[in-house]
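To start, the structure itself, in structure tokens.
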Amino acid sequence: MRPPPIIDAHCHAGPGDGFTGPWDTEAPLGRYLRRCDEAGIWRSNLFAAFHTDYAVANEEVGWIVAARPDRFTGFAFVHAERDRGRVLPLVRRAVDGFGFCGVKVHRHDARLSREICEAARRLRLPVLYDVAGETTQVALFAAAYPDVDFVIPHLGSFADDWGAQAAFCTVLAERPNVYTDTSGVRRFDLLLRAVRRAGPHKVLFGSDGPWLHPGAELAKVRLLGLPPAAEALVLGGNFLRLTRPARLRFRRTATGSSRARPASEPLAAGSRPG
């Protein structure tokens, strides 16, 4: 019997358009994919590096996903301020054109907006929002949009803010539509606490590749010592469940081609890794 799939739910891909650091310069996949192969990671969920125009960046990621639909899924990256007034068409383009199955937002860009939440609700997409330590806000937007699933990566802080991560464990356990991923969590006992308090059905495996080693991040999940069924949820089952409506919709509407509209066709107007 084939083992359950291992899916890295958190990986960046494609070029950025800045030179602040790797996070907005480039996210190459070559070495990352070799490491995934060595670790037995079968699929990866991709979203852009930091960029000043996420319509362009999502297009780049979309072609990567379209070239290897057996290997990749994608989330549409959006900026709550720069993309104001065009979030829905921007995300819909990525969903309808490339089969993207979620939305990615980062506090480094701007705080999560109602416009983004309402677009996710309308398209039945999960939102992966890096709150960059602002974990006190999670309960507010999770309560305001109970029918939207929110994945808060890094237990709420890539910067290893122990207080923010510890507080987030409570929200994770209490809010049924709040999830987390394992990427970049350095305090292992906090990750263990999150799984024990909230349950393995609330945690997704992620690496924050290509900048973090996917094999090393996978080892943390293995070291949790979960029963096989619970580990399978973390390693891929939870991601598949959260993205299932979007993936099924794209499968039904696809006409044999996952090619999006040309990049030249305009949209309707309107510490960093994460």
Side-chain angles (χ1 to χ4, degrees), residues 1-16 22-23 26-49 51 54 56-77 91 93-104 125-126 128 151 153 181-184 204-222 231-260 263 273-274:
M1 179 181 295
R2 189 179 187 183
I6 300 176
I7 302 171
D8 182 353
H10 189 138
C11 181
H12 297 265
W23 48 85
E26 188 177 12
L29 293 179
R31 182 180 296 175
Y32 163 83
L33 289 175
R34 291 193 293 273
R35 290 169 172 173
C36 282
D37 290 342
E38 293 168 358
I41 299 168
W42 298 358
R43 293 182 65 88
S44 301
N45 185 53
L46 307 180
F47 30 80
H51 204 284
Y54 285 128
V56 172
N58 290 336
E59 196 87 7
E60 295 278 357
V61 175
W63 290 117
I64 296 172
V65 171
R68 291 289 308 275
D70 60 315
R71 187 73 186 253
F72 302 126
T73 53
F75 277 19
F77 214 142
V91 175
R93 175 187 180 93
V95 170
D96 293 345
F98 293 111
F100 281 20
C101 53
V103 180
K104 172 68 164 74
L125 303 173
L128 193 151
V151 181
D181 77 27
T182 62
S183 64
L204 286 68
F205 162 60
S207 76
D208 211 345
W211 306 305
L212 301 189
H213 195 303
E217 295 298 304
L218 177 60
K220 293 188 305 189
V221 177
R222 301 292 198 196
E231 183 176 272
L233 289 178
V234 175
L235 293 181
N238 294 330
F239 176 82
L240 291 175
R241 186 180 75 253
L242 293 178
T243 60
R244 188 171 186 268
R247 291 183 295 106
L248 288 179
R249 182 174 63 248
F250 181 72
R251 194 175 304 161
R252 286 194 302 266
T253 57
T255 59
S257 172
S258 60
R259 294 177 62 85

d(Lys104 NZ, Leu46 CG) to nearest 0.5 Å is 13.0 Å
Distance, nearest 0.5 Å, that separates CG of Asp8 from CZ of Phe72: 10.5 Å
Run the side chain to side chain contact (heavy atoms under 4.5 Å, CB included) test against [X] and tell me which residues pass, sequence neighbours left out.
| X | answer |
| --- | --- |
| Ala39 | Ile41, Leu218 |
| Leu212 | Phe158, Asp208, Glu217 |
| Pro28 | Glu26, Pro210 |
| Arg247 | Cys101, Leu240, Thr243, Arg244, Arg251 |

Could you tell me which non-hydrogen atom of [X] sits nearest to which non-hydrogen atom of [Y], and how far apart they are?
| X | Y | value |
| --- | --- | --- |
| Leu29 | Cys11 | CD2-SG, 3.9 Å |
| Trp42 | Pro5 | CE3-CA, 3.6 Å |
| Phe75 | Pro126 | CZ-CG, 4.0 Å |
| Trp211 | Ala27 | CZ2-CB, 3.7 Å |
| Asn45 | Ala9 | ND2-O, 3.3 Å |
| Ala246 | Leu125 | CB-CD2, 3.4 Å |

Ring-plane angle category for His12 and Phe77, please: parallel below 30°, perpendicular beyond 60°, tilted otherwise. tilted
Determine yes or no for a side-chain-to-main-chain donor-acceptor pair under 3.5 angstrom, with [X] supplying the side chain and [Y] the backbone.
| X | Y | value |
| --- | --- | --- |
| Thr182 | Gly206 | yes |
| Asn58 | Ala76 | no |
| Trp63 | Val61 | no |
| Arg43 | Pro69 | yes |

Using the ring pair (Phe, Tyr, Trp, His ring centres under 6.0 Å) criterion, which residues pair with Tyr32? Sequence neighbours excluded. none
Measure from the ring center of Phe47 to the ring center of His10 and say whether it is less than 6.0 Å. yes
Is any side-chain heavy atom of Arg71 closer than 4.5 Å to a side-chain heavy atom of Cys36? yes
Would you say that Thr73 contacts Phe100 through its side chain, given a criterion of any heavy-atom pair below 4.5 Å between the two side chains? no
Candidate pair Glu59 and Phe98, rule side chain to side chain contact (heavy atoms under 4.5 Å, CB included), full reasoning: CA-CA 9 Å; Glu59 196 87 7; Phe98 293 111; 4.1 Å; yes
Could you pull out all residues at least two apart from Arg222 that satisfy salt bridge (charged side-chain N to carboxylate O under 4.0 Å, His left out)? Glu231
